[in-house]
Amino acid sequence: MSDQHTHQNFETRAIHAGNTADPLTGAVVPPIYQVSTYKQDGVGGLRGGYEYSRSANPTRTALEENLAALEGGRRGLAFASGLAAEDCLLRTLLAPGDHVVIPNDAYGGTFRLFAKVVARWGVEWSVADTSDPAAVRDAITDRTKAIWVETPSNPLLGITDIAALADVARTAGVRLVVDNTFASPYLQQPLALGADVVVHSLTKYMGGHSDVVGGALVTADAALGEELAYHQNAMGAVAGPFDSWIVLRGIKTLAVRMDRHSENATRVAEMLQQHPKVTQVLYPGLPEHPGHEVAAKQMRSFGGMISFRVQGGEEAAVEVCNRAKLFTLGESLGGVESLIEHPGRMTHASVAGSLLEVPADLVRLSVGIENVDDLLEDLRQALA
């Protein structure tokens, strides 16, 4: 992170970090350098270190500097997708025979990467309730190299005490990885709480408009940052310049969007909690949530994601999804528009039959920034 942004408030960093005015024209927005290669001033005479856009691209550099500043890290790296970022991280940290502790509630794509891809490479994994530091400690073996955490988790909105798990990881001599996608760096700063690496799907709140796919890694460890950068270049799943530009644009409004997402979600969660057809509401902003106190300690507010369970089982949950009109039935999350989905049949179908299987009567909401009264009315009619 550039020293000039170290003492700036988040909203200022989101707008200015990495967004240096173009030296040629003075354009206040970094240009889209839609280019694959760069003219050299003699063999090895690189201008600004740029030679080939897989290795580095000025638009991607701007985004990576911005990401590092927002998460309080030394190095940020942007990828073609969140799973591409995860794949790079795992192949950097792990070798055949190593072991990872993963959460009992995680994004289905992350589980699939561990269970169907990384496992074939000879890496083992075991599941633990990451909200319980003792359970994580018990899951660590002499071959464990990393603890993987999502907080809030997807889709059950579980909360993990990042600082407590950082102590567990340090004692065991392993890395702590935190997927910060649901919170965004505006609501939560895992590196400041002791995490080694932060993972993002930039597709979600960072981009914020359902118009780009991307991923990111951020670390405060300069040496680890160099290793990750080496593997990013060697593996090649980098964010393109246009996608980088789109995410940079989205990040400028991240703070105001997250405030509205959180405000709307709180109202929605409170309504659902009183609805006779809803049997359980999973939202860390509710005082009844088992992780509420931890979330209040480590988060600025509670975010825009809610899951809830309904009377009548799986078919009733599917029917709620189908009846929604303003809430769009679709996968993904974090956009300005509200989304609804059935995790068991959609985003988390890959965990069916595993220790991470989600309840069949579960509905997940990504609460957008529309007028909240319209959102409440749509949910009421969908549950009617």
Side-chain angles (χ1 to χ4, degrees), residues 105 151-159 181-184 186-188 204-205 208 210 255-296 299-348 358-384:
D105 178 27
T151 184
S153 65
N154 183 5
L156 300 181
L157 281 300
I159 298 296
T181 298
F182 267 28
S184 87
Y186 178 65
L187 299 185
Q188 183 169 266
K204 312 306 192 298
Y205 287 109
S210 302
V256 291
R257 286 188 287 106
M258 294 308 297
D259 283 340
R260 183 63 171 266
H261 284 299
S262 297
E263 292 169 8
N264 281 0
T266 298
R267 289 277 307 278
V268 169
E270 291 170 349
M271 184 278 286
L272 290 172
Q273 198 174 34
Q274 302 301 317
H275 199 284
K277 291 189 178 179
V278 174
T279 60
Q280 185 181 20
V281 181
L282 303 173
Y283 183 64
L286 296 175
E288 298 82 3
H289 189 285
H292 175 72
E293 290 187 8
V294 172
M299 299 177 70
R300 187 192 300 250
S301 58
F302 302 102
M305 298 302 299
I306 301 173
S307 289
F308 64 97
R309 302 177 71 174
V310 298
Q311 290 180 354
E314 181 173 5
E315 294 306 318
V318 170
E319 184 61 21
V320 170
C321 294
N322 288 333
R323 286 172 60 91
K325 298 176 181 177
L326 185 56
F327 277 82
T328 300
L329 178 61
E331 299 190 0
S332 197
L333 57 103
V336 293
E337 64 288 308
S338 295
L339 301 178
I340 189 170
E341 67 126 357
H342 184 266
R345 294 191 184 183
M346 296 171 68
T347 54
H348 288 70
V358 300
D361 59 357
L362 189 74
V363 175
R364 192 190 74 178
L365 304 177
S366 174
V367 180
I369 66 172
E370 302 95 336
N371 185 287
V372 70
D373 292 329
D374 295 329
L375 298 177
L376 295 173
E377 179 59 30
D378 188 41
L379 289 173
R380 290 189 185 103
Q381 68 81 26
L383 284 161

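In what follows, every heavy atom counts, from backbone to side chain, and hydrogens, waters and symmetry copies are set aside. Nothing here was measured: the structure is a model prediction, and the numbers come from that model.
Judged by distance alone, the side chain of Ser366 and the main-chain N or O of Leu333 form no donor-acceptor pair under 3.5 Å. Judged by distance alone, the side chain of Lys204 and the main-chain N or O of Thr181 form no donor-acceptor pair under 3.5 Å.
Contact between Gly158 and Asp105 at its shortest, heavy atoms only, is N-OD2, 4.0 Å. The minimum heavy-atom distance linking Leu383 with Val320 is given by the pair CD2-CG2, 3.8 Å. Between Leu157 and Leu282 the shortest heavy-atom distance is CG-O, 3.6 Å. The shortest heavy-atom contact between Tyr283 and Ala269 is CD2-CB, 3.7 Å. Of all heavy-atom pairs between Leu375 and Gly368, the closest is CD1-O, 4.3 Å. Annotation for Ala360 and His342: closest pair O-NE2, 2.7 Å, computed over non-hydrogen atoms.
The stretch residues 284-296 participates, sequence neighbours left out, in these side chain to side chain donor-acceptor pair (under 3.5 Å) pairs: Gln273-Glu288. Residue pairs meeting the salt bridge (charged side-chain N to carboxylate O under 4.0 Å, His left out) criterion with at least one partner in residues 362-384, sequence neighbours excluded, are Arg267-Asp373, Glu341-Arg364. Residues in residues 364-384 take part in no ring pair (Phe, Tyr, Trp, His ring centres under 6.0 Å) pair, two or more places apart or across chains. Residue pairs meeting the salt bridge (charged side-chain N to carboxylate O under 4.0 Å, His left out) criterion with at least one member in residues 312-330, sequence neighbours excluded: Glu314-Arg345, Glu315-Arg345.
Here the side chains of Val367 and Val372 are not in contact, with every heavy-atom distance at 4.5 Å or above. With a 4.5 Å cut-off on side-chain heavy atoms, Leu365 and Leu379 count as touching. For the pair Val268 and Leu376, the minimum side-chain heavy-atom distance is below 4.5 Å.
Considering only residues two or more places apart in sequence or on other chains, Val336 meets the side chain to side chain contact (heavy atoms under 4.5 Å, CB included) condition with His209, Arg257, Ile369. For the side-chain hydrogen bond (donor to acceptor under 3.5 Å, both in side chains) test, no residue two or more places apart in sequence or in another chain qualifies with Ser184. With sequence neighbours left out, Asn322 forms a side-chain hydrogen bond (donor to acceptor under 3.5 Å, both in side chains) with no residue at all. Remark: His261 pairs with Tyr205 by the ring-ring contact (aromatic ring centres under 6.0 Å, His included) rule, at least two apart or across chains. By the ring-ring contact (aromatic ring centres under 6.0 Å, His included) test, Tyr186 pairs with Phe10, sequence neighbours left out. A search for side-chain hydrogen bond (donor to acceptor under 3.5 Å, both in side chains) contacts involving Glu337 returns Ser210, not counting sequence neighbours.
Summarising the geometry, atom CG belonging to Leu329 is positioned 7.5 Å from atom CD1 belonging to Ile340; distances are rounded to the nearest 0.5 Å.
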**Message:** Please determine whether side chain to side chain contact (heavy atoms under 4.5 Å, CB included) holds for the pair His348 and Asn154, giving the CA-CA distance in whole Å, both sets of side-chain angles, and the decisive distance to 0.1 Å.
**Reply:** CA-CA 9 Å; His348 288 70; Asn154 183 5; 3.1 Å; yes
Which atom pairs, one a donor and one an acceptor, fall under 3.5 Å between side chains of residues 303-311 and the rest of the protein, sequence neighbours left out?
residue	atom	partner	partner atom	Å
Ser307	OG	Pro155	O	2.5
Arg309	NE	Asp361	OD1	2.8
Arg309	NE	Asp361	OD2	3.4
Arg309	NH2	Asp361	OD1	3.3
Gln311	NE2	Pro276	O	3.1

